[in-house]
Q: 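Before I ask anything, let me first share the structure, which is written out below as structure tokens.
Count residues from 1 along the sequence.
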Amino acid sequence: MASAEWQIIAAGCLLSFFNLGAWGALYAIGPELYPTSIRATGTGAGAAFGRIGSILAPLTVPPVLAFGGSTAVFGVFAAAFALACLAAFTLPEQRGVAIA
């Protein structure tokens, strides 16, 4: 929907900024979610699923674009981000909890 190159670049910069911030937060909280015996496996599996998603997501663009146009593409990815946001709110609070 951008009408100028600077708008695309600015939107890309904002997306990258917030996406990198989200990864930093996930890498900080991820290890707290698993017991010590499986901590490395749990955080590694989480990172691996994220990387699989980053491979598959661009591959979904051409079929979705052909099916519903650019609005459908942005809608699908907006729904995925909304789902991720909701999932983040379900993470347990670990403040003051001993990590075993």
Side-chain angles (χ1 to χ4, degrees):
M1 296 186 187
S3 60
E5 289 180 19
W6 73 266
Q7 292 171 328
I8 296 169
I9 293 169
C13 288
L14 287 171
L15 175 66
S16 180
F17 174 81
F18 288 108
N19 187 35
L20 290 174
W23 277 112
L26 286 175
Y27 282 134
I29 195 173
E32 294 182 349
L33 300 175
Y34 302 99
T36 303
S37 61
I38 62 165
R39 187 165 294 142
T41 301
T43 56
F49 279 112
R51 291 191 174 124
I52 290 169
S54 69
I55 292 168
L56 295 178
L59 297 175
T60 64
V61 171
V64 174
L65 188 61
F67 175 73
S70 62
T71 303
V73 171
F74 284 104
V76 167
F77 286 110
F81 281 121
L83 180 63
C85 181
L86 290 173
F89 282 110
T90 67
L91 293 173
E93 175 60 53
Q94 300 294 339
R95 184 180 308 174
V97 177
I99 298 175

Q: For Y27, what residues pass the ring-ring contact (aromatic ring centres under 6.0 Å, His included) criterion, not counting sequence neighbours?
A: W23
Q: What are the two closest heavy atoms between P62 and L59, and how far apart are they?
A: CD-O, 3.6 Å
Q: For F77, which fellow cluster members are found when Ile, Leu, Val, Met, Phe, Trp and Tyr are connected by side-chain heavy-atom distances below 4.5 angstrom, either directly or through intermediates?
A: V61, V64, L65, V73, V76
Q: Take atom CD in E5; do more than 12 heavy atoms of anything else shown fall under 6.0 Å from it?
A: no
Q: If two hydrophobic side chains count as joined below 4.5 Å and joins carry through other members, does F81 share a cluster with F74?
A: no
Q: What pair of heavy atoms forms the shortest contact from S54 to P58, and how long is it?
A: O-CD, 3.2 Å
Q: First locate atom CG of L14, then atom CD1 of I9, and finally report the distance between them rounded to the nearest 0.5 Å.
A: 12.0 Å
Q: Under a 4.5 Å cut-off applied to non-hydrogen side-chain atoms, are C13 and F17 in contact?
A: no
Q: Roughly how far apart are F18 CZ and L20 CG, rounded to 0.5 Å?
A: 11.5 Å
Q: Between T43 and R39 (side chain of the first, backbone of the second, donor and acceptor by atom type, cut-off under 3.5 Å), is there such a pair?
A: yes
